[in-house]
J.: 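One structure follows; several queries about it will come next.
Within every chain, numbering begins at 1; the chains are lettered A, B, ... in the order of the sequence lines, protein sequences first and strands thereafter. Note that the structure is a prediction, hence the values are computed from the model and not measured.
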Amino acid sequence: MQTLKEILSAHLRAAFQAAFPGADLSGLPLDALPAGDEAFGDYQCNGAMAAAKVLRLPPRKIAEQVAARIPADGLSARAEIAGPGFINLTLSESALARHLEAMQADPLLGIPQPGAGQTLILDYSSPNVAKPMHVAHIRSTVIGDALKRIHRALGCTVISDNHLGDWGTQFGKLIMGYRHFLDPAQFAAAPVHELERIYVLSSQKAEADPAWEDQCRAELVKLQAGDSENRALWRKFMEVSLADLARIYGRLGVSFELTRGESYYHDALPALIEKLQALGLVRESEGALVAFLDDEKLPPCIVRKSDGGYNYATTDLATVFSRVEEFRPDAIIYVTDERQQLHFRQFFAVAQKAGVRTPLRHVWFGLMRLPDGLLSTRMGNAIKLDLLLDEAEKRALEIVKTASPDMPASQQQAVARAVGIGAVKYADLSQNPQSAVTFTWEKALAMDGNSAPYLQYAHARIASVIDKHAERFPGIDFMRVPLDLDTPQARRLALRLARYPDAVRDAAEQEKPSLLADALYDLSQAYSSFYQNVPFLKADAGLRESRVRLCDLAAKVLRHGLDLLGIETPERI
RNA sequence: GCGCCUGUAGCUCAGUCGGAUAGAGCAUGGGAUUUCUAAUCCCAGGGUCGCAGGUUCGAUCCCUGCCAGGCGCGCCA
């Protein structure tokens, strides 16, 4: 169904056209926007000011002409002109109520389906294997997973692919480390931690000792050339790493349609190089094979190293060809940190020259750092993701125990998991992805204010209201009573609910889950205020059902929205 | 040196194609619970939007310069 904003915007456009028939108004911002201040109305249009130059008329004059022609279908009760030429729209209460009832009856909750028929490949998380996940890895994972869910909600077919770093330089260092530093007992007990330990040792030695570094490189070349001993070690590393990753993804509730690491494309690399050569896109330079991108004003892109090995750009190119051929996607989106912007511009340029027509988009996010510097495995100051999640669940459990002492212990545990993990994910998702994140325990574990637990708590209170209504008034179906937005709090809540479908679409268009998180937080605040100040179950029959019905829609939207962020909504907290 | 990004309340951050009196959370101060879950609600204080110009009826937003910080710039990913 159409969103409220779409309906109002269409009305405004029609009114502009009717008022100024010959004029070319395309490209002007004539849309309805949520009013900046509720004192001005529900939605506003700033188009009259923008049109003033084109029409060469005073904006207030234009606004008057337009306001007089807004279709009278009962949706907007008032259109008023204010200031330099704002058109302020106030909706009729009953029309707003009918719109919400339609949303409530729609299994899609009124979310439009612009993505229907489209296939999207989403590449995110993509950790290097043989290293434990640290708090910084959560950004790509959680943002990517939310984008997948959001695009799906808009009708897209989304294939998520975890493009593991399972074939790169670290394996040379790991193989050397394994042979020289391994503690077998530790490896048996906590394999990935032991791999990290020997990796750090081996890397540090490589920095100090060029001979060691050369040996690491040689072991990598042997591995990539198919040496059986190194391949066996690689398989061992992969086995323990994949098991550990699966466990972490399970905790986070994140899943992938495909997990194709760099190694998956290894056999395709020589043919890819031949193809690039045949197209004349690459040439030898200082022993390496390089694509020069002078026309694009980009630095050269190496596709084969002077030692004959391949790098990131090579596998990325092989990957894009494979994906295009196998899935025929309408777009491929890569979610990585900001440091890779240049790499993606180079790689996209080469891919285009090599004939890739599929739109490729790089969605980057800001680095996560600690208050006193960058997180780094090598520097050993990285905080393990498991530790963060453990702490979050622990703190959530304390809260659940005090809030719901009578709840069975197993349920308390389950709620604490949902709340703790939700808090950590939300801390990341609610922030503009592109701003840098300074990790603090306080922020990552926030459980009041603008946080997942606040939203989950609001939802749980609604669920409880609905259950109590069924208990106390058995046989009364609130869905048969029309919505009545009879208080300012109800009206405010109604407007927030009506904005939800637009928020989902905005989040997808801008690839920013934070826009959805913001809208949900706004909604929860409106709900909490409604809940605190307007009685439901104690209201008179009729009004009571109408209010419970509004609660029901709020619960549905919260549950749906949090699900799009990958956050669970327990029925009780 | 070149490129990308960031600079908004004490702290952490929003700010919708340029729009009305720049908003939240945390922290601080005050108030609300015989009532549907107080992880809540209501109220208050707190700002030269890094600095200086420019464009515009109107700039936190666009342009230029400067200052401060982060990241990147052929064989890492």
J.: Side chain of Pro84(A): nearest nucleotide among A77(B), G74(B), G19(B)?
T.: G19(B)

J.: Ring-plane angle category for Trp441(A) and Phe439(A), please: parallel below 30°, perpendicular beyond 60°, tilted otherwise.
T.: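 The arrangement is perpendicular - the two ring planes meet at more than 60°.
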
J.: From C17(B), U35(B), U37(B), pick the nucleotide closest to the side chain of Lys538(A)?
T.: U35(B)

J.: Name the closest nucleotide to the Leu33(A) side chain, picking from C17(B), C42(B), G70(B).
T.: C17(B)

J.: How long is the line joining CG of Leu342(A) and P of G74(B), in whole Å?
T.: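 Roughly 9 Å, once rounded to whole Å.
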
J.: Is a side-chain donor-acceptor pair under 3.5 Å present for Glu262(A) with Tyr312(A)?
T.: no

J.: Where along residues 419-432 of chain A does a heavy atom come under 4.0 Å from RNA chain B, residue by residue in number order?
T.: Val419(A), Gln431(A), Asn432(A)

J.: At less than 4.0 Å, is any side-chain N or O atom of Ser435(A) found next to OP1 or OP2 of A14(B)? Yes or no.
T.: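 For A14(B), OP1/OP2 do have a side-chain N/O of Ser435(A) under 4.0 Å.
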
J.: With the side chain of Phe292(A) defined as its heavy atoms from C-beta on, choose the nearest nucleotide among C71(B), G74(B), G25(B).
T.: G74(B)

J.: Under 3.5 Å, is there an N or O donor on one side and an acceptor on the other linking the side chain of Asn88(A) and the base of A20(B)?
T.: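 Yes, a donor-acceptor pair under 3.5 Å.
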
J.: Applying a 3.5 Å limit to both distances, which nucleotide forms a Watson-Crick or G-U wobble pair with G1(B)?
T.: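 By the stated definition (distances under 3.5 Å), C73(B) pairs with G1(B).
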
J.: Reckon Tyr521(A) touches a base, only the sugar-phosphate, or nothing at all at heavy-atom distances under 4.0 Å?
T.: sugar-phosphate

J.: Partner lookup for G7(B), please. Criteria are Watson-Crick or G-U wobble with both distances under 3.5 angstrom; report none if nothing qualifies.
T.: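 The base-pairing partner of G7(B), which may sit in any strand shown, is C67(B).
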
J.: With a 6.0 Å cut-off on the ring centroids, do Phe530(A) and Phe536(A) count as close?
T.: yes

J.: Calculate the interatomic distance between Leu220(A) atom CG and C76(B) atom P; express it in whole Å.
T.: 10 Å

J.: Does C42(B) have OP1 or OP2 under 4.0 Å away from a side-chain N or O of Ser529(A)?
T.: yes

J.: If only side-chain N and O atoms of Tyr312(A) are considered, is one of them under 4.0 Å from the OP1 or OP2 phosphate oxygen of A77(B)?
T.: no

J.: Under 4.0 Å between a side-chain N or O of Tyr454(A) and OP1 or OP2 of C41(B)?
T.: yes

J.: When you check the phosphate oxygens OP1 and OP2 of A39(B), does a side-chain N or O of Arg395(A) lie under 4.0 Å from one of them?
T.: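 Answer no for this pair, as no side-chain N or O of Arg395(A) is under 4.0 Å from OP1 or OP2.
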
J.: Under 4.0 angstrom, heavy atoms only, what part of the nucleic acid is Glu262(A) near: base, sugar-phosphate, or nothing?
T.: sugar-phosphate

J.: Of Glu398(A), Glu393(A), Glu391(A), which is the lone residue that meets side chain to side chain donor-acceptor pair (under 3.5 Å) with Arg395(A)?
T.: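 Of Glu398(A), Glu393(A), Glu391(A), side chain to side chain donor-acceptor pair (under 3.5 Å) with Arg395(A) is met by Glu391(A) alone.
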
J.: Would you say the side chain of Thr169(A) and the base of C76(B) hold a donor-acceptor pair, judged only by whether the two atoms sit under 3.5 Å apart?
T.: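 No, no donor-acceptor pair under 3.5 Å.
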
J.: Taking only the side-chain heavy atoms of Ser528(A) (C-beta and beyond), determine which of A20(B), C41(B), A77(B) contains the nearest atom.
T.: C41(B)

J.: Just compare A32(B), C75(B), A39(B) and give me whichever is closest to any side-chain atom of Ser306(A).
T.: C75(B)

J.: For Val290(A) and Gly168(A), find the nucleotide of RNA chain B closest to each by heavy atoms; which residue's nucleotide sits nearer the 5' end?
T.: Val290(A)

J.: Quick one: look up who G29(B) pairs with, Watson-Crick or G-U, both distances under 3.5 Å, and put none if it's unpaired.
T.: C43(B)

J.: Across the strands shown, which category fits Ala436(A) at heavy-atom distances under 4.0 angstrom: base, sugar-phosphate, nothing?
T.: sugar-phosphate

J.: Go through A32(B), U37(B), A39(B) for me and flag the one nearest to the Gln532(A) side chain.
T.: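 Of A32(B), U37(B), A39(B), A32(B) is nearest to the side chain of Gln532(A).
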
J.: Taking CD1 from Ile62(A) and P from C57(B), how many angstroms apart are they, rounded to a whole number?
T.: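 The distance from CD1 of Ile62(A) to P of C57(B) comes to 14 Å, rounded to the nearest Å.
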
J.: Of the nucleotides U37(B), A20(B), G74(B), which has the atom closest to the Ala82(A) side chain?
T.: A20(B)

